[in-house]
Amino acid sequence: GAGTINLSATQCSTKKDATAVIINVKSKLTKSNYTLQASADYTGNPITPTIQPGSGIPTPKTVKYGASAATATTTAPTAVGSYNVYISTDATDSYCAATNLEIGTFKIVCAAVIKPTITATSNVIKCGDDVTTNGSFTFKKEEGLTYTCDGGTVGDGTVTGITKAGDYILTATNSCG
């Protein structure tokens, strides 16, 4: 912030030699000192955006994500949405330390819609098939899709708990929204 610096110089001898006063003024970091990756496609996994400091600018030691600096966490975001990004840095010879400096917004966006293809790999249930008590079947699970079944419990590539004969519909939807 703005302020006043009081300086004094003293003469060291009667030869009127001046004493040099060296003032080291450090700059305050701003979000313009950093380039933040604007967005990334949804993957279902945590995504850490790229943060590029400008030339001579300190590298962030902590990165947080959230609606505000007070509620932000160091956990990288996973879900589709917009996340404010806050950094903290150590002080350098040229720059003051930064704490929870907001450098911009990072977005996780839906990639192109994934068209589901359900490929059953065993115990294929077809229209009219009888299903025995606690029947089950497996299918190829594709990344980015969420599966539901109208009559069984969907696991990681399986449907179990089918307890009566009938037709069952396994539905795959785009997890990204």
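To the nearest 0.5 Å, the span separating CZ on Phe106 from CD1 on Ile51 amounts to 9.5 Å. Here the CD1 atom belonging to Ile87 is positioned 9.5 Å from the OG1 atom belonging to Thr62, to the nearest 0.5 angstrom.
Pairing each heavy atom of Tyr34 with each of Pro58, the nearest pair is OH-O, 2.7 Å. Residues Thr78 and Tyr83 approach most closely at N-OH, 4.5 Å, considering heavy atoms.
Within the structure, salt bridge (charged side-chain N to carboxylate O under 4.0 Å, His left out) contacts touching residues 73-98 (residues at least two apart or in different chains) are Lys61-Asp90. Residue pairs meeting the salt bridge (charged side-chain N to carboxylate O under 4.0 Å, His left out) criterion with at least one member in residues 68-87, sequence neighbours excluded, do not occur. For residues 68-83, no pair satisfies salt bridge (charged side-chain N to carboxylate O under 4.0 Å, His left out), with sequence neighbours left out. Pairs passing the side-chain hydrogen bond (donor to acceptor under 3.5 Å, both in side chains) check and including a residue from residues 96-109, sequence neighbours excluded, read Asn84-Thr105.
With hydrogens and angles ignored, the 3.5 Å screen pairs no side-chain donor or acceptor of Gln37 with any backbone N or O of Pro49. Between the side chain of Ser39 and the backbone N or O of Ile108, no donor-acceptor pair lies under 3.5 Å.
Residues Asp41 and Val109 meet the side-chain proximity criterion, which asks for heavy atoms closer than 4.5 Å. Proximity of Leu29 to Thr89: side-chain heavy atoms (C-beta onward) are separated by under 4.5 Å at one or more points.
Thr30 is linked by a side chain to side chain contact (heavy atoms under 4.5 Å, CB included) to Ser32, Asn33, counting only residues two or more places apart in sequence or in another chain. The side chain to side chain contact (heavy atoms under 4.5 Å, CB included) search around Ala91 returns Lys26, Ala97, not counting sequence neighbours.
Cluster annotation: Ile57 is not connected to Tyr86 through the hydrophobic network of ILVMFWY side chains, with a link wherever side-chain heavy atoms come within less than 4.5 Å.
Looking at Thr48, Thr71, Thr73 one by one, the single match for side chain to side chain contact (heavy atoms under 4.5 Å, CB included) with Tyr65 turns out to be Thr48.
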